[in-house]
Every structure is written in structure tokens, then in C-alpha cells.
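Worksheet for the structure shown next.
Chain naming here is simple, since letters A, B, ... match the order of the sequence lines and numbering starts at 1 in each.
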Number of protein chains: 2
Amino acid sequence: MTTRNPQQTRERLLKTAFAEIHAHGFQGMRVDEVLRKSGLKKGAFYHHFNSKVDLGYAVLEEQIRPLLESVWLRMLGEIEDPVMDFPRMLDNLGQTVPPEMREHGCPLNNLAQEMASQDEGFRKRIVSIFEDWIDGFAAVFEQGKTKGYIRKNIDSRVVARFMVAVLEGCIGVYKVEQTAEQWIACRSQIAAYLGTLRPE
Amino acid sequence: MTTRNPQQTRERLLKTAFAEIHAHGFQGMRVDEVLRKSGLKKGAFYHHFNSKVDLGYAVLEEQIRPLLESVWLRMLGEIEDPVMDFPRMLDNLGQTVPPEMREHGCPLNNLAQEMASQDEGFRKRIVSIFEDWIDGFAAVFEQGKTKGYIRKNIDSRVVARFMVAVLEGCIGVYKVEQTAEQWIACRSQIAAYLGTLRPE
DNA sequence: CTGCAAACAAACCAGTTGGTCTGTTATTTT
DNA sequence: AAAATAACAGACCAACTGGTTTGTTTGCAG
């Protein structure tokens, strides 16, 4: 018969759930719909996960966190001069980003805004991922300092925290407005802000 | 008996629904719970509103839009020098903001992130409110130009669009992190950004 | 004063939802 | 090979959810 593959089954559930959560939010995501789209049954689901919330946590840790790493942290790792390179990367991202991201925005921020104040388990995990992102940004600015691209007396973590907030804000408003105008405005002003980090 | 007051009944429903949506999101808000908290019954609800979605639209137009006007647009109207005055207003806001706003963030952005890609009726109304907000900011920068506080060659609407995005981003991340550190970082960097708008 | 529409109350309902339970089959352990 | 267990399938269910219906009361126009 069809040979069993529990790891793959679990992954199928996670991938489908991730897409459904991204599209409808966690509360809007329906377990039955995940099952329908993944072609699996209740038995499989509740064998791999204890509850809907448990699935949500797993999506955060096993789908969203790796996505942040493979997209943003990888990107940040390639930055030489933050002031010049980052805005260019934003342009690049703006053109390569898949349509579902354009439509539904940042999966992490969506879950964050929906669930942070609803469930402490969600909030803690989301904070942890945000901190990783902030760490990634801070490292870029620290490196930028040693290479002379960034003023020595700026606080890299403060700037990093702001950058994460700005990006989520820009992505979020773009998701609502759905106009190039909004994205271009954000991109240009992010570049202007980064200019303040330059040594005199 | 208890004298009837349809306007007040409607307002009670809207006020309660606003609080429930703010606390649990639109999808998480339950009609029955709004009824319980407002002390009213199904008959009253479906007399004043056609559906749950209809109530959501009404909350946007009759609660959230006026709130934006009474908080942000009023604030912006009092600004003389945007670069100096706005960060100070942020400090003030950070201290006077009610606890439910601290916990649940911006009611407009919450609804925006949750419902924009779910329902076009929501998205359009939210865009309309965002545009009002952007208009308010743009007016401040335009006035700032004539008074010599702002460089003449900046595009007020671009800056305004960015400011709205930044604010929503900062409020959103703060809502998750719940630390003064995050808020202070955003405040200081918003001030730094606004500095780029100064004439040389 | 009367009729009539507006403003509710309250019981009711059908579809949905997350979750359970029982059974069956594949896989690993002994 | 036998026993145990992991990995499912599929029927089932109680609670919930938005919405409807029917009936009653209040206020107001004529």
C-alpha cells in the first residue's frame, strides 16, 4: 500500500496550516479545511498535534522562524554597507516577493498582531522570533561600525528595534493600500533614515 | 417601563462591539458576547444591524474613524514645528494612553491587518481612514514648510505615508514586546528621522 | 383615542467547529 | 514470527455561532 511517512505527513500538515493561517489568520484557520487541502484526516491530525493551538505553536517554530532565517537573516548577512545595501535589497525584495505575501503581508506580524494579546504562548514565541530578527539587524550595524559605514556612537540594538518595527509597519500598510506609491514612499524614507546613521 | 432610546441602544451596541473587536479581533468577537456585555438581546441587535459584518463596518465608521480624529488629527493640528513637537507628543501619548490600548494596540491597525485581505468592504473603509490620517500628517508638513521648519523639496505626502506606517509598526511591535525599551527605541529614531526633514 | 410602524424580547434553528473514540493497518521491537 | 506500538482512517459528538422567527411593547402620527 501507500508506504507511511510520519515526518512527511507532519510537514504536510504544517505547510498547509501555515498557508491557511497566513490567508485567514489563526482564528480564521479551520482544522477541517487544513485536512481537506492536505488530503489527510482527523486521525492523522490529532496524532501529530494535541490541539489547534499546539499546531499554531508548531507553525511558528517550524515554518515561520525558518522562513525569517532563510529570507531576512540570509539577506542581512550579505550586507556590506547598511545605508546603501539595505534599500537596494528592499527593491529586490519588492520584486521577488510571492503574490500571497503581497496580499496577506508578513506571516509573523499577522500572527503577532492577532494572537499576542490573546495567548501568552503565542506572544512569547513571537517575541523570541522578533528578538532573533533584531539580533540580525544589530549585527549588521555593528559590522557597519567597524567598517566605517556607521557612526560609532549609535546604539545598534535601538536602530535594529526600530528597523523591525518600520518594516512591519510598511509591509502592513502596503498590504492594506496595495499601491506601489505606498511601498515606494516607505522605501525612500527608510533610505533617508539610514542616512542619519552615517559618520559626519 | 424603561423608556426606549433607539439611538442610545445602537450606541451601546457599537461601543461594546468596538471593545470586543479591539480585544479579540473581528473574527474572535462573538455577537452573543456583545449582547451579554451590553445587556441587550438578539432582537435589538438584528433590528439595528443586518449582520456581524455590517456591525463591523459601523464600528469602523462610527467608532474608529472618530477616535482617529479625536486623538491623532487633533494632536497633529496642534503641531507648530513637526521635528520638535511630534516626538514630544509621542512621549505625552505614551504616558496618557489607556491600558487597553497598550495591551491590544491600535484598533484601526488590528482590524486592518486582520480583515484587509479577507473582505473588500473592510479594506476600502480602512484605506479611507488611513488616507485621512495621511492627509492630516501631510498638512502638518506642508505647514512646516511655509514656516521654515521643513525643507521645501520634500514630498509631504511621501513623508506622511511613511509616518503612518512607522507609527503602526512601532505600536504593533510594542504590543508584542510590551517593554519600555521598544517604545523608547522607536521614539528616539522617529525623532532622528524627522531631523532629515530640516532645511540645511 | 386609535392604528401602525418602530423597537425590542425570547425562543428557536441549522450549520459549523474543535475535538474524541473506535477500529485498522503499517512498522518496529522482542 | 509474535507482540507491541506508531500512524493513521472515519464515524461521531457536544458546544457554539450567526442568524431567523414570532410575539410583545412603546411611541407617535392622524
Side-chain angles (χ1 to χ4, degrees), chain A residues 1-60 62-63 111 114-115 118-122, chain B residues 1-60 62-63 111 114-115 118-122:
Chain A
M1 307 286 116
T2 48
T3 178
R4 275 177 179 171
N5 192 338
Q7 273 179 278
Q8 185 180 296
T9 298
R10 186 187 159 87
E11 188 74 9
R12 274 263 288 287
L13 287 168
L14 283 173
K15 280 263 197 315
T16 312
F18 169 73
E20 285 297 300
I21 290 172
H22 191 206
H24 306 296
F26 177 76
Q27 300 186 97
M29 177 268 281
R30 305 294 141 173
V31 175
D32 282 348
E33 185 62 14
V34 170
L35 263 22
R36 209 184 59 79
K37 290 217 165 126
S38 63
L40 295 162
K41 298 298 161 66
K42 276 277 166 75
F45 184 91
Y46 283 96
H47 173 72
H48 286 283
F49 303 99
N50 296 325
S51 67
K52 185 185 176 184
V53 167
D54 186 42
L55 171 72
Y57 293 167
V59 166
L60 256 178
E62 297 171 46
Q63 295 289 125
L111 216 45
E114 183 189 2
M115 297 305 296
Q118 300 293 316
D119 181 293
E120 185 64 10
F122 269 107
Chain B
M1 306 289 117
T2 49
T3 179
R4 275 179 179 169
N5 192 337
Q7 273 180 278
Q8 184 180 295
T9 298
R10 186 187 160 87
E11 188 74 9
R12 274 261 290 285
L13 287 168
L14 284 173
K15 280 262 199 313
T16 312
F18 169 72
E20 286 296 300
I21 291 173
H22 191 205
H24 303 115
F26 177 76
Q27 301 186 95
M29 176 268 280
R30 306 293 141 173
V31 175
D32 282 348
E33 185 62 16
V34 170
L35 263 24
R36 208 184 59 80
K37 290 217 165 122
S38 63
L40 295 161
K41 298 298 161 66
K42 277 277 168 74
F45 183 91
Y46 284 97
H47 173 72
H48 287 282
F49 303 98
N50 296 325
S51 66
K52 184 185 176 185
V53 168
D54 186 43
L55 170 71
Y57 294 167
V59 166
L60 256 177
E62 297 171 46
Q63 295 288 126
L111 215 44
E114 182 189 1
M115 297 305 295
Q118 301 293 316
D119 182 291
E120 185 65 9
F122 270 107

Quick one: which protein N/O atoms are closer than 3.5 Å to N/O atoms of nucleotides 4-6 of chain D? Pair and distance per line, please.
none

- Tell me, please, which residues at least two apart from B:Gln7 pass side chain to side chain contact (heavy atoms under 4.5 Å, CB included).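 B:Asn5.
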- All side chain to side chain contact (heavy atoms under 4.5 Å, CB included) counterparts of B:Lys42, not counting sequence neighbours: B:Val31, B:Asp32, B:Leu35, B:Tyr46
Does the side chain of [X] get closer than 4.0 angstrom to OP1 or OP2 of [N] through an N or O atom?
X       : N      : result
B:His48 : C:dC8  : yes
B:Thr3  : D:dT26 : no
A:Ser51 : C:dG18 : no

- Task: To the nearest 0.5 angstrom, please state how far the CZ atom of A:Arg30 sits from the CZ atom of A:Arg36.
- Result: 14.0 Å
Starting at atom [atom1] of [X], determine the distance to atom [atom2] of [N], rounded to an integer number of angstrom.
X       : N      : atom1 : atom2 : answer
B:Tyr46 : C:dC12 : OH    : P     : 19 Å
A:Phe45 : C:dG18 : CZ    : P     : 9 Å
A:Phe49 : D:dC8  : CZ    : P     : 11 Å

- Note on the structure: Counting primed atoms, P, OP1 and OP2 as sugar-phosphate and everything else as base, the B/S/- map of nucleotides 10-15 of chain D against protein heavy atoms under 4.0 Å is BB----
- Task: Check side chain to side chain donor-acceptor pair (under 3.5 Å) between A:Asn50 and all other residues, then give those that pass, not counting sequence neighbours.
- Result: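 Once residues adjacent in sequence are excluded, A:Asn50 has no partner under the side chain to side chain donor-acceptor pair (under 3.5 Å) criterion.
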- Contacting residues from residues 16-38 of chain B, given that a heavy atom lies under 4.0 angstrom of DNA chain C: none
- Got a salt bridge between B:Lys37 and B:Glu20, using NZ or NE/NH1/NH2 to carboxylate O under 4.0 Å?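 Yes, charged N to carboxylate O under 4.0 Å.
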- Item | B:Phe49 and B:Phe45 aromatic ring geometry - parallel, tilted or perpendicular at 30°/60° bounds |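 Rings of B:Phe45 and B:Phe49: tilted, 30 to 60°.
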- Query: Between A:Met115 and A:Gln27, is any pair of side-chain heavy atoms under 4.5 Å apart?
  - Reply: yes
